[in-house]
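Worth knowing before you read on, the calculation uses all heavy atoms, side chains too, and leaves out hydrogens, waters and symmetry mates.
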Amino acid sequence: MEFSEYLSQKNICSASFSAAEPDLFKTWSNAYNLLHPASFTEQNKFIINKIRRKYTLKKE
């Protein structure tokens with residue numbers, strides 16, 4: 001699974017997130033590529049919720 005797919009699964013708009021916070025997006029992308037998705041989620045659980053609230057994926 002790609003990082004953008006992971007973000008979609010977590011209801012985070014990857015385009016908005018990467019445009020607004022490119023440094024954090026790149027850091028997370030690199031970390032995601034090194035870790036298992038479950039480990040990445042566990043390490044960033046509380047931050048993911050904050051990001052989800054800021055960059056919610058709009059369902060069509």
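- Evaluation of the side-chain hydrogen bond (donor to acceptor under 3.5 Å, both in side chains) test over residues 20-39, restricted to residues two or more places apart or in two chains, returns E21-K54, E21-Y55.
- In this structure, E5 places its CD atom where more than 12 heavy-atom neighbours from other residues, nucleotides or ligands lie under 6.0 Å away.
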*Pair F17-L24, side-chain contact (heavy atoms from CB on, under 4.5 Å): steps then yes or no*: CA-CA 9 Å; F17 179 34; L24 181 59; 3.9 Å; yes
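- No continuous path of ILVMFWY side-chain contacts below 4.5 Å connects L57 to F25, so the two sit in separate hydrophobic clusters.
- The minimum heavy-atom distance between R52 and I12, with the atom names listed, is CA-CG1, 3.8 Å.
- No continuous path of hydrophobic side-chain contacts links F40 to F46 [ILVMFWY only; heavy atoms under 4.5 Å].
- Of all non-hydrogen atoms in T56 and C13, the two that sit nearest each other are O-CB, 4.1 Å.
- Of the inter-residue distances, the one linking N44 atom CG with N49 atom CG reads 11.0 Å to the nearest 0.5 angstrom.
- Annotation: side chain of Y6 is in contact with side chain of I48 (closest heavy-atom distance under 4.5 Å).
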